[in-house]
Amino acid sequence: MSKMVGKAFETQRRLNFQLGIPRDVEIDGFSDFIFMSRSGRPMMPSSVNFILLDIVKTYNQEERERAKRERRKPEEMPHIYAHILRYTACTRMAEPNLDIKVVQYVMGHANICVTMDVYNHVTDEERIVREIAKLYEVQGM
């Protein structure tokens, strides 16, 4: 996690405290959640999806207004869903060749095949280029 993300999480924790959102919920042994509903329950993906939808809707409305003023075609954002954020995070972990077992653990996949099949395609081309370069080095080319 980057320092900026850690700082954002701490800010959210303080905001939860200031709003009086309870933090004593435990689910499957996990507690101290960061993104909580007003009732003190962890946010569900559907809640996150509604928030993301509102963010994109607001951005696109502002972009349409800017584009109209600037007499250009608007460049709108596509819809973003919680699962897309999960997929993107895993893809970004796979890009710098993070140990795939670590990616599996972080993503919570019971079977490494899921991690490999769904996310490992990202690094296939890069891996092929790197391995070919190694072959050339070994053969002294």
Side-chain angles (χ1 to χ4, degrees), residues 1-139 141:
M1 165 180 359
S2 71
K3 289 180 182 180
M4 187 170 79
V5 170
K7 188 175 179 177
F9 284 176
E10 285 304 318
T11 299
Q12 184 62 47
R13 282 186 200 280
R14 282 193 299 279
L15 181 60
N16 291 348
F17 177 77
Q18 290 170 348
L19 294 172
I21 295 174
R23 331 171 347 157
D24 55 352
V25 173
E26 185 174 313
I27 300 174
D28 293 335
F30 295 99
S31 60
D32 203 24
F33 296 98
I34 297 170
F35 299 103
M36 311 286 286
S37 68
R38 288 187 177 112
S39 67
R41 305 282 304 161
M43 282 188 160
M44 300 301 294
S46 59
S47 298
V48 175
N49 287 338
F50 282 121
I51 293 167
L52 292 170
L53 182 65
D54 282 344
I55 291 169
V56 170
K57 189 176 172 182
T58 300
Y59 173 85
N60 286 341
Q61 179 61 39
E62 291 173 2
E63 171 58 13
R64 283 190 294 273
E65 291 169 9
R66 269 191 309 274
K68 188 176 180 180
R69 282 192 310 270
E70 297 170 5
R71 295 185 178 149
R72 61 175 173 81
K73 184 177 179 179
E75 297 178 26
E76 295 186 7
M77 287 180 63
H79 294 294
I80 301 170
Y81 301 96
H83 192 78
I84 291 172
L85 298 177
R86 175 181 165 82
Y87 184 87
T88 301
C90 189
T91 300
R92 295 297 167 252
M93 284 188 277
E95 284 176 342
N97 296 315
L98 184 64
D99 184 322
I100 202 69
K101 289 297 283 184
V102 173
V103 176
Q104 175 195 0
Y105 175 79
V106 170
M107 297 307 294
H109 296 150
N111 188 324
I112 190 71
C113 292
V114 172
T115 311
M116 294 293 289
D117 290 345
V118 176
Y119 301 103
N120 206 34
H121 70 279
V122 173
T123 60
D124 286 346
E125 185 177 321
E126 181 182 320
R127 185 180 309 113
I128 290 167
V129 169
R130 196 173 48 251
E131 293 302 319
I132 290 172
K134 284 182 190 175
L135 284 174
Y136 280 111
E137 289 173 13
V138 168
Q139 295 176 2
M141 296 180 154

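The first residue of the sequence shown is numbered 1, and numbering continues consecutively from there. Excluded from the calculations below are hydrogen atoms, water molecules and symmetry mates; all remaining heavy atoms, backbone and side chain alike, are included. The model shown is predicted, which means the values in this text are computed figures rather than measured ones.
- Contact record, Val48 with Ala82: CG1-CB, 4.1 Å, taken as the closest heavy-atom pair.
- Using a distance-only test at 3.5 Å, with no hydrogens or angles considered, no donor-acceptor pair links the side chain of Arg38 to the main chain of Leu19.
- Separating the CD1 atom in Ile34 from the CD atom in Glu10 is a distance of 7.5 Å, to the nearest 0.5 Å.
- Closest non-hydrogen pair, Ile112 versus Ile100, comes out as CD1-O, 3.8 Å.
- Going from atom CZ of Arg13 over to atom CD of Gln18 covers 14.0 Å, rounded to the nearest 0.5 Å.
- Inter-residue side-chain proximity for Gln104 and Met116 is flagged as unmet; no heavy-atom pair is nearer than 4.5 Å.
- Put simply, the side chain of Glu63 never gets that close to the backbone of Pro74: no donor and acceptor are under 3.5 Å apart.
- Rounding to the nearest 0.5 angstrom, the gap separating the OG1 atom in Thr88 from the CG atom in Leu85 is 6.5 Å.
- Between the CZ atom of Phe33 and the CE atom of Met43 there is a distance of 13.5 Å, given to the nearest 0.5 Å.
- Side chains of Lys7 and Met4 form no contact here, defined as non-hydrogen atoms less than 4.5 Å apart.
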Candidate pair Val114 and Met107, rule side-chain contact (heavy atoms from CB on, under 4.5 Å), full reasoning: CA-CA 10 Å; Val114 172; Met107 297 307 294; over 6 Å; no
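- Between Met36 and Gln12 there is no side-chain heavy-atom pair separated by less than 4.5 Å.
- Around atom CZ of Phe50, no more than 12 heavy atoms belonging to other residues, nucleotides or ligands sit under 6.0 Å away.
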side-chain contact (heavy atoms from CB on, under 4.5 Å) evaluation trace for Ile55 with Met77: CA-CA 10 Å; Ile55 291 169; Met77 287 180 63; 5.8 Å; no
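- No donor-acceptor pair closer than 3.5 Å links the side chain of Asn49 to the backbone N or O of Tyr81.
- Contact annotation: the side chain of His79 never approaches that of Ile84 to less than 4.5 Å [non-hydrogen atoms, C-beta and beyond].
- In this structure, the side chain of Glu26 does not engage the main chain of Ser31 through any donor-acceptor pair within 3.5 Å.
- Atoms CZ and CD, on Arg64 and Glu75 in that order, are 13.5 Å from each other to the nearest 0.5 Å.
- Across Pro42 and Ile27, no two heavy atoms sit closer than the pair CG-CD1, 3.6 Å.
- Contact record, Val103 with Cys90: CG1-SG, 3.3 Å, taken as the closest heavy-atom pair.
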